[in-house]
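Residue numbers count from 1 along this sequence.
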Amino acid sequence: MLNRQVYVSDNEFIICPIADEDRDNYVELHRQINGEHTLFLNEHCKDMMWEQVLEGEDKVFSVFEINGDYCGSLELQNPDSDTPEIGIDLFENKRNKGNKGIAPKVVKLLAKRCYKDRKVDYFLIRRTEFISQAIYLDFPT
């Protein structure tokens, strides 16, 4: 399927560290969320913005359906904190799919994988106004 490093996957989704080949999808995602004025389309700062995504302190991941379709991105802010924050942004056509939605599944998948790497107190979850699902995370004590 995808010929790249996989951070975590299940039988529905694949989460990979973001890479250069994701740039066009990531820029389109931010255009859908922020409109034509997204800084990722600004000629003067688009490369700087992309470099920050790749090299910044936060960890950014691309989310794919198991068939390879790009869905959006997950961001782990303050990854070394006892309370890291997970942000999620999805393509318009991947949002609000009800109980079968992508957001709760991939956030849980990422959080469980992160928790395996390093125990945290809890995760903060940031969502765009477009994603309306509640997300319950169940971890062993």
Side-chain angles (χ1 to χ4, degrees), residues 1-140:
M1 205 297 332
L2 293 173
N3 187 21
R4 59 191 290 181
Q5 178 187 357
V6 174
Y7 183 68
V8 65
S9 66
D10 63 10
N11 60 347
E12 292 183 87
F13 301 101
I14 301 169
I15 299 173
C16 301
I18 198 158
D20 277 324
E21 58 261 34
D22 301 325
R23 185 173 181 161
D24 290 343
N25 282 324
Y26 192 83
V27 168
E28 173 57 21
L29 175 63
H30 281 267
R31 188 203 61 75
Q32 288 182 14
I33 293 167
N34 301 311
E36 297 300 323
H37 299 292
T38 178
L39 292 176
F40 287 97
L41 296 176
N42 181 302
E43 194 62 38
H44 301 290
C45 60
K46 65 182 181 178
D47 291 335
M48 178 185 66
M49 294 292 294
W50 181 245
E51 184 176 319
Q52 182 63 30
V53 169
L54 293 177
E55 306 297 330
E57 291 181 20
D58 299 332
K59 295 181 180 180
V60 182
F61 300 90
S62 291
V63 178
F64 300 91
E65 290 178 315
I66 201 73
N67 66 5
D69 287 348
Y70 180 86
C71 298
S73 69
L74 288 163
E75 185 172 334
L76 188 63
Q77 295 179 345
N78 304 312
D80 296 325
S81 163
D82 290 337
T83 57
E85 179 177 341
I86 298 174
I88 181 166
D89 294 312
L90 297 172
F91 268 163
E92 291 170 352
N93 66 343
K94 303 292 183 179
R95 298 179 197 150
N96 296 321
K97 300 285 187 181
N99 290 338
K100 297 180 182 179
I102 294 169
K105 293 176 183 177
V106 298
V107 167
K108 190 173 187 176
L109 187 62
L110 178 72
K112 282 187 173 187
R113 174 59 164 80
C114 291
Y115 189 78
K116 256 189 203 180
D117 290 345
R118 191 180 66 76
K119 306 297 184 254
V120 298
D121 293 336
Y122 58 88
F123 291 92
L124 302 171
I125 299 177
R126 175 187 54 82
R127 62 179 181 83
T128 63
E129 63 186 89
F130 309 111
I131 300 171
S132 61
Q133 294 122 336
I135 300 168
Y136 175 73
L137 303 174
D138 183 24
F139 295 106

D69 side chain near K94 side chain, heavy-atom distance below 4.5 Å
yes
Got E65 and F13 here, is their nearest side-chain heavy-atom distance under 4.5 Å?
yes
Within-4.5 Å side-chain heavy-atom neighbours: S62 and Y26
no
How far does CH2 of W50 sit from CD of E55, to the nearest 0.5 angstrom?
10.5 Å
Above 12 or not: heavy atoms from other molecules or residues under 6.0 Å from CG of D117?
yes
Take a 6.0 Å sphere around NZ of K119 and say whether it holds more than 12 heavy atoms from other residues, nucleotides or ligands.
yes
In Å, rounded to the nearest 0.5 Å, how long is the span from CD of E57 to CD of Q52?
8.0 Å
Rounded to the nearest 0.5 Å, what's the gap from CE on M49 to NE2 on H30? Could you check?
7.5 Å
Could you walk me through whether D82 and R118 pass the side chain to side chain contact (heavy atoms under 4.5 Å, CB included) test, one step at a time?
CA-CA 9 Å; D82 290 337; R118 191 180 66 76; 3.8 Å; yes
Closest contact, heavy atoms only, P17 versus D22
O-OD2, 4.2 Å
Given the rule in the side chain to side chain contact (heavy atoms under 4.5 Å, CB included) test, do L29 and Y70 qualify, once you have shown the distances and angles that lead to the verdict?
CA-CA 10 Å; L29 175 63; Y70 180 86; 3.8 Å; yes
The single option from V63, I14, I86, D10 passing side-chain contact (heavy atoms from CB on, under 4.5 Å) against V106
V63
Heavy-atom closest pair (L76 atom, C114 atom, distance to 0.1 Å) is CD2-SG, 3.6 Å
To the nearest 0.5 Å, what is the distance between OG on S73 and CD1 on I88?
8.0 Å
So, taking the atom named CD1 in I18 and the one named CG in D58, what distance separates them when rounded to the nearest 0.5 Å?
12.0 Å
State whether R23 and D47 are salt-bridged, where the test is any N-O pair (Lys NZ or Arg NE/NH1/NH2 against Asp/Glu carboxylate O) under 4.0 Å.
yes
As an exercise, state the distance from CG of L90 to SG of C71, rounded to the nearest 0.5 Å.
7.0 Å
Taking R113 for the side chain and Y7 for the main chain, is one N or O donor matched with an acceptor at less than 3.5 Å?
yes
Taking side chain as C-beta onward, heavy atoms only, is I66 less than 4.5 Å from E12?
no
With heavy-atom distances below 4.5 Å as the criterion, would you say the side chains of V107 and F123 are in contact?
no
Can you find a pair of side-chain heavy atoms, one from V120 and one from P84, that are under 4.5 Å apart?
yes
